[in-house]
Amino acid sequence: MKTNKITAKDLMSAGYKEGKILGKALSVAEQLLKDMDGDTVISMLTAVLDDVYDGELSELRDMVLEDRKVADIIVLKEQPDKFAIYGEDNIDAGAKAQMAIAMALPVSRAGALMPDAHQGYGLPIGGVLATHNAVIPYGVGVDIGCRMALSIFDIPAIHFDENHDKYKRELIAHTRFGAGHGFLKKERAQHAVLDNDAFNMTQFISQLKDKAYSQLGTSGGGNHFVEWGIIEFSERDEVLNIDKGSYVALLTHSGSRGMGAQIAGHYTRLAKEICKLPQHAVNLAYLDMHSEAGQEYWLAMNLAGDYASACHDIIHQKLAKAMGGTLLAKVENHHNFAWKEKWGGEEVIVHRKGATPAGKGVMGIIPGSMTAPGFLVRGKGLENAINSASHGAGRLMSRTKAISNITKQEMSAILKENKVTLIGAGLDEAPMAYKDINVVMDAQQELVDIVAKFQPRIVRMADDGSKED
DNA sequence: ATGTAC
């Protein structure tokens, strides 16, 4: 097949990094495309990069070799350290392979895969990695501080059914979804996080503040949601001081919006410049915790986490006020973050990318899907799992596969069957696109105890194609 | 995940 266009993106997925060499490779590609097809050109250029090309293209080859010499590439462990896997039967090979690469980093101390793990960028989603004195921006992920927040109200379940329309109306009125979207100036919320000193740390960070202000209290896109549901305690919980029974609850899932994404991008770029890793591990570039860049990232990451928390606060405050009722308990936990923790008697940096903290007694929320139940859990503090659990059911189908395999009729049928009212969302978020949450919970019985079960009833997500108000 | 890329 004759392809007459090769883009920077094509070359980057072939392993070329942004910069001079990419520019050179692009112009070489343009020349070669006059005589051969795209696939051949890509494979030639990939061979140059892997140092197995023995033909012409000497200029490009010299540049690659020179770059490698200057780069002084970090040597990985010959044999990656072992890591724990929970629910292995339902975890794809790609996620395991990515975890093995992470375990070969010289800074890695321990790793674990949660039962909802699947392939990601750098570290897999559902991957937990403990390192010594190093933080990996892509070990945290793009949506820094992404989290779940659950408010349990002293409102009986019957009130929900009797006022269904009002719950729906207020949910729509007080939430904003869609990539890039924020609030209009006069609608903007206020929050103490905007006064956080970390915003003045560097010029890069301070320039993120305006958009952060406009997006405060918004939810974004992808798998993010705001939902009303009924939480059921099959027995009294002493710690939360909640009696056996069913209560109205609000569950939200979202992160640090554009701000966190920009911080992730900025420090990943910086890490890749400072920390040269072999080609297959470049996305695991790390920053020394004692370096200026490492400390900056740490503060910026924490700021993004506080910001994500503020976004949930605002949503919960608005909806609590709209519906009335007393708050019985609030539980919140983040799953794209790094923490300083003790592991094996040593202080380590624990990266949880799509994994829930589950130290002994630590509460967390593990949602299923828009129709499947979610679970309020209490961690058991299992060291082998690095005090972690899954952050959800995990995807069964990729977004593209879900869109082509699931019909609208199937989606409405399952919503109806589960009495769920849905606002927004495309087929890529259909319940069938996710693993069975009960299987996932079974695979992590050693990691968490179930405290209560949450059934979604009115769910809002970003519209198809993220075109929302 | 994100309003966008050397």
Side-chain angles (χ1 to χ4, degrees), chain A residues 5-30 45 49 60 63-64 67 116 118-127 137-148 176-183 207-208 210-212 214-216 218-225 252-269 272-273 282-283 300-301 304-305 307-308 311-312 334-337 351-355 367 391-392 394-395 398-400 425-426 428-429 433 461-469:
Chain A
K5 187 122 183 84
I6 287 180
T7 63
K9 208 171 157 185
D10 296 330
L11 291 180
M12 279 162 76
S13 49
Y16 279 86
K17 285 171 293 181
E18 296 155 326
K20 274 200 309 241
I21 298 176
L22 178 64
K24 177 71 184 171
L26 271 173
S27 67
V28 169
E30 201 179 332
L45 292 172
L49 209 55
L60 178 63
M63 283 174 80
V64 169
D67 182 58
D116 61 339
H118 50 105
Q119 202 170 338
Y121 203 65
L123 199 65
I125 320 298
Y138 267 147
V140 167
V142 173
D143 193 4
I144 299 171
C146 186
R147 65 192 60 214
M148 310 292 175
R176 288 291 182 282
F177 281 81
H181 290 191
F183 281 104
Q207 88 186 342
L208 301 174
D210 282 347
K211 189 152 103 183
S214 78
Q215 294 187 327
L216 197 55
T218 63
S219 298
N223 56 1
H224 289 173
F225 59 75
T252 50
H253 174 208
S254 55
S256 49
R257 309 290 282 103
M259 178 192 157
Q262 293 209 52
I263 291 171
H266 179 83
Y267 288 98
T268 291
R269 224 171 294 127
K272 284 178 173 176
E273 281 169 23
V282 285
N283 291 326
M301 177 192 78
Y307 175 75
C311 289
H312 286 260
H334 38 317
H335 51 242
N336 282 359
F337 213 66
H351 303 73
R352 292 189 181 88
K353 187 180 194 182
H391 79 313
R395 291 198 82 88
S398 67
R399 290 186 183 279
T400 41
D428 49 347
E429 284 300 329
M461 300 186 86
D463 266 354
D464 241 340
S466 292
K467 285 194 287 272
E468 273 275 347
D469 50 359

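Convention: sequence-line order gives letters A, B, ...; per-chain numbering from 1.
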**Asked** With a 4.0 Å cut-off on heavy atoms, is A/I144 in touch with a base, just the backbone sugar-phosphate, or nothing at all?
**Response** nothing

**Message:** From the set B/dG3, B/dT2, B/dC6, return the single nucleotide nearest to any side-chain atom of A/A261.
**Reply:** B/dT2

**Item:** Enclosure of A/Q207 CD (heavy-atom neighbours >12, cutoff 6.0 Å)
**Value:** yes

**Request:** Would you kindly give the CE-to-P distance between A/M301 and B/dA1, to the nearest whole Å?
**Result:** 19 Å

**Message:** In whole Å, I'd like the distance from the CG atom of A/L208 to the C1' atom of B/dT2.
**Reply:** 13 Å

**Message:** So if I take every side-chain heavy atom of A/D143 and compare against B/dG3, B/dC6, B/dA1, which nucleotide ends up nearest?
**Reply:** B/dA1

**Request:** Hey, which sits more toward the 5' end of DNA chain B by its nearest nucleotide, A/K211 or A/R269?
**Result:** A/K211

**Sugar-phosphate only, base, or nothing, as touched by A/N223 at under 4.0 Å among non-hydrogen atoms** = sugar-phosphate

**Minimal non-hydrogen separation, A/P137 against A/T268, with atom names** = CB-OG1, 3.3 Å

**Prompt:** Just checking A/K24: base, sugar-phosphate only, or nothing, at a heavy-atom cut-off of under 4.0 Å?
**Reply:** nothing

**Request:** Answer with base, sugar-phosphate or nothing: what part of the nucleic acid does A/G255 contact at a heavy-atom distance below 4.0 Å?
**Result:** nothing

**Request:** Figure out the CD/C1' separation between A/Q262 and B/dT4, and round it to whole Å.
**Result:** 11 Å

**Asked** Side chain of A/Q215: nearest nucleotide among B/dA1, B/dG3, B/dC6?
**Response** B/dG3

**Message:** Is there a side-chain contact between A/R257 and the phosphate of B/dA1, meaning an N or O under 4.0 Å from OP1 or OP2?
**Reply:** no

**Prompt:** Got a sec, which residues hit side chain to side chain contact (heavy atoms under 4.5 Å, CB included) with A/R269, two or more places apart in sequence or on another chain?
**Reply:** A/E18

**Request:** Rounded to the nearest 0.5 Å, what's the gap from OG1 on A/T218 to CZ on A/F183? Could you check?
**Result:** 6.5 Å

**Asked** Atom CE of A/M148 to atom C1' of B/dA1: distance rounded to whole Å?
**Response** 13 Å

**Asked** Between A/K9 (NZ) and B/dC6 (C1'), how many Å, whole number?
**Response** 14 Å

**Ring centers of A/H312, A/H334 separated by less than 6.0 Å** = no

**Request:** Measure from OH on A/Y307 to P on B/dT2 and round the result to the nearest Å.
**Result:** 11 Å

**Request:** Check whether any side-chain nitrogen or oxygen of A/R399 sits under 4.0 Å from OP1 or OP2 of B/dA1, and answer yes or no.
**Result:** yes

**Complete:** Between CE of A/M461 and P of B/dT2 the distance, given in whole Å, is 11 Å

**Asked** Whole-Å distance between B/dT2 P and A/H266 NE2?
**Response** 20 Å

**Request:** Give one of base, sugar-phosphate or nothing for A/G220, where a contact means two heavy atoms less than 4.0 Å apart.
**Result:** sugar-phosphate

**Item:** Closest nucleotide among B/dA1, B/dC6, B/dG3 to the A/H224 side chain
**Value:** B/dA1

